[in-house]
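Structure first, commentary second.
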Amino acid sequence: TTSLGGSSSSPSLAKTNSLLKMAALNGQTQRSADATLSEYADFSCADNWLDEELVWMMNDDNLYDASMDDEHVKSLDEQLDEWEAMEDGANEEDEDDDDDETSNAWMHSDEPWDHWGEEQRQQEEEAAAAAASAGDATASGVHFNARADSFLFDSDSEEDEEELQRLEQETLDRLAKIQLRSPRLDRAAKSPNAKAFFDREPDTLEGYDRMWVSAIDNVCFKNLVGLFRNYGVQFADNFGDWQDGCLEDSSVATIEDIASYKAREVYNITGLPCIASRTSFEIEPIPTLNTGGSSNNNMGRAAMANSNPRVASGYKFNDVGMHVDYICDALRPLSEPTRVTRFKTCLCYYDGEMELFDYGICDVDLHFSNSLRTFIPMSQAINEMMQKLTLTFGLEYQSWLQARLAEGIAGATAAGSGPASLKLRDRVLKEGKVLPNDIIDVSAFMDSKVDVNLMDECAKELSNRFLKEKPNKILTVATTGLVIALPMAKYLQVPVVYARKERNVVMADTFKAGYSSKTVGKNRELLVSKSHVDEEDRVLIVDDFLSSGASQEALLRIVAESGATAVGVGVLLEKAYESGRQSLAGFDVPIQSLCRIASVKDGVIQLLEEVGFDRMQQKKKMKEQQQLQKQQQKQPAKEDA
């Protein structure tokens, strides 16, 4: 049986056991943290303050009180409410003041047109004021010296040269103490092929016009490449396997010196401009705050600082790695969650003549701090360095694309093409579809649904190509050819005659010609009234597509039968991979097309004017010729055998 006293003592016993278990767990955590922190004792420091609030509160004139925490930093909503209240109060006070109402008019209306012309008016006022002051000065006999050499920086003075030499020598002395090394860079220095590899020209076909090299963390290399490729910079390689040679490399040397050392070493081996990086990691110490005698309100950081100096100490590493996760895991249970940690990345650019530095900084609460936060300051530093190098070297965003576009427009203009053909090609690539039997579906903009603006621009360009032929009539096929024939007739100021595929009641006497339609899949017949075409006409054949040339050939036979003169064939799209142009060669008429389709293999539309396609075709023909030559060489050997 259980006594009454025993039953009442059970809860207290369970509570005692729970407290003992928690104490044992805390003691185990403390011992584990001590073991981890003891390994990084060489990196401890007591004055790397990262939190500006704490620095302010540690001054003698500033007393810290835990109750101040909520009052010192206001939330964003509170700040917005205060700002709105201040604005409302200001508006009420200014209701009766016309001048104030005028001066604050921008608060009520801030549209673009409200400020239109302000800059010009300001310039005019400044010019007038300058002219007035110049007149007053002349009248008073005051003359200004046009030269102001005393305010100019003379970079060629001997003192400046001596100062630069002194700073450079100090830098070299510091870098000489660094023993950092990269195994891959060592292998590159010994390789006989390395010089040719790094001296190669940038890949201009991919839009690169500069060749650089980098020495940053391998995991961040893609970020660097992705940003700089937009500015035409190609990276030959990245040396991201640097290893510390001594303790001073990871504890004494600054991240600026290490980044500079890496960039200079890589430049000396490769001869290419180099971008190198180094990231540091810091943990702020737990301060002993001036509590002003109110020790009851502050039992957090100050109490922990007195209990364990290793926990209270700050830490500073000039490199990141697994040790960041280890020390954060050790300090996290024994520190406040808001204890500040800092990741700082330094990027150094060096090309033998110029050295530039830029930084990225990320402050993280200890509760969220880990080595993955390194990507944040690294990305920030890369963006900042990109902006600095853009200003320094005049780099242009996607200049290769602009140059390629300019070349394409110039080439198209030289070939008689213009902007309309470029727009048509773009629409074909974006909205065209390949159907079975290699039929190209462009119904989205020139068949069952017509983009009249695009057709009008194409008609104007195609008409300009036939102006010298002086046509007086346009002949096309109903109804697909009318989308381009009608606007062309407007620009050429000629009538349109279209061939029907079925006889109409009013068509008593007609010219007719048969052809085979691949789209419809059967033989068709074109009919043109004899009263619409006579011997004196100069006829221009116009259609939407030129594929096999069957329909255009039928129209040309009708023109020949009528005795008229065919002056040319103009089409929007030409299937260059079919024999349409060759089948019309016997008629000896000029053939013009705005867009030539080179291939629809595997359902992909590829245009003949695309950069690189001609070269691919040439390579393909060369391979075929080589294979043919090999076969011809094998045949005599078989005959001899």
Side-chain angles (χ1 to χ4, degrees), residues 168 172 175-176 178-243 245 258-278 347-357 378 382 385-386 388-390 392-404 407 611-623 625-626 630:
E168 179 67 15
L172 294 177
L175 299 184
I178 298 177
Q179 302 180 21
L180 221 63
R181 60 179 297 270
S182 168
R184 293 189 68 248
L185 187 62
D186 294 340
R187 292 193 293 269
K190 299 175 183 178
S191 173
N193 300 326
K195 179 174 175 50
F197 175 78
F198 291 110
D199 288 345
R200 72 184 191 272
E201 295 295 326
D203 190 355
T204 55
L205 291 179
E206 292 293 331
Y208 297 112
D209 54 12
R210 299 169 185 263
M211 182 69 75
W212 291 357
V213 70
S214 62
I216 70 172
D217 297 335
N218 289 324
V219 293
C220 302
F221 180 58
K222 290 185 178 180
N223 189 4
L224 182 74
V225 171
L227 180 61
F228 276 78
R229 71 176 303 167
N230 291 323
Y231 294 86
V233 178
Q234 180 180 3
F235 286 91
D237 205 340
N238 177 60
F239 298 93
D241 60 338
W242 293 87
Q243 302 171 358
I258 292 180
S260 176
Y261 176 84
K262 293 164 63 175
R264 290 168 183 257
E265 287 293 310
V266 174
Y267 172 79
N268 292 335
I269 300 299
T270 64
L272 295 175
C274 178
I275 295 179
S277 71
R278 186 73 166 192
L347 281 187
C348 174
Y349 169 86
Y350 183 77
D351 60 3
E353 297 180 357
M354 182 186 302
E355 189 173 42
L356 301 175
F357 292 91
M378 177 65 75
I382 291 175
M385 179 61 74
M386 182 70 260
K388 183 173 292 185
L389 293 175
T390 299
T392 304
F393 298 109
L395 304 179
E396 297 182 6
Y397 181 75
Q398 293 186 349
S399 60
W400 59 273
L401 184 60
Q402 302 298 330
R404 186 70 57 81
E407 292 176 0
V611 176
F613 184 80
D614 294 339
R615 185 173 301 175
M616 293 168 58
Q617 291 290 90
Q618 293 175 2
K619 290 182 178 180
K620 183 178 179 180
K621 291 181 179 179
M622 289 178 61
K623 289 182 179 179
Q625 292 177 358
Q626 292 175 358
K630 291 180 180 180

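The structure displayed is predicted, hence computed values, not measured ones.
- What you find for Met354 and Asp351 is that their closest heavy atoms are N-OD1, 2.7 Å.
- Applying the side chain to side chain donor-acceptor pair (under 3.5 Å) rule to pairs touching residues 268-277 yields nothing, sequence neighbours excluded.
- Between the CD1 atom of Ile269 and the NZ atom of Lys195 there is a distance of 12.0 Å, given to the nearest 0.5 Å.
- Pairing each heavy atom of Phe357 with each of Met385, the nearest pair is C-CE, 4.0 Å.
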Check against side-chain contact (heavy atoms from CB on, under 4.5 Å), Gln243 and Gln179: CA-CA 9 Å; Gln243 302 171 358; Gln179 302 180 21; over 6 Å; no
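- Closest heavy-atom contact between Ala276 and Ala263: CB-N, 3.6 Å.
- Two residues are said to be in side-chain contact when any heavy atoms from C-beta on lie closer than 4.5 Å; Pro183 and Arg181 meet this criterion.
- The shortest distance between side-chain heavy atoms of Leu356 and Tyr350 does not fall below 4.5 Å.
- With respect to Lys388 and Glu355, no salt bridge is recorded, no charged nitrogen being found less than 4.0 Å from a carboxylate O.
- The two residues Tyr261 and Leu180 come nearest to each other via the heavy atoms OH-O, 3.2 Å.
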When you look at Phe198 and Asp237, which way does the side-chain contact (heavy atoms from CB on, under 4.5 Å) test go after all the steps? CA-CA 9 Å; Phe198 291 110; Asp237 205 340; 4.2 Å; yes
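- Here Asp241 pairs with nothing under the salt bridge (charged side-chain N to carboxylate O under 4.0 Å, His left out) rule; sequence neighbours left out.
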Which side-chain N or O atoms in residues 207-228 pair as donor and acceptor under 3.5 Å with protein atoms at least two apart or in another chain?
unit_1, atom_1, unit_2, atom_2, d
Ser214, OG, Asn238, OD1, 2.7
Asn218, OD1, Asn238, ND2, 2.9

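- From Arg264, atom CZ reaches atom CD1 of Ile178 across 10.5 Å, with rounding to the nearest 0.5 Å.
- Side-chain N/O atoms of Arg187 and Ser191 include no donor and acceptor closer than 3.5 Å.
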Apply side-chain contact (heavy atoms from CB on, under 4.5 Å) to Met386 and Tyr231, showing your working. CA-CA 9 Å; Met386 182 70 260; Tyr231 294 86; 3.5 Å; yes
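- Here the shortest heavy-atom pairing between Pro273 and Tyr267 reads N-CD1, 4.3 Å.
- Counting heavy atoms from C-beta on, the side chains of Arg278 and Leu347 never come closer than 4.5 Å.
- To the nearest 0.5 angstrom, Ile275 atom CD1 is 9.5 Å from Cys348 atom SG.
- Contact of the Arg200 side chain with the Gln234 side chain is registered, since non-hydrogen atoms from C-beta on lie closer than 4.5 Å.
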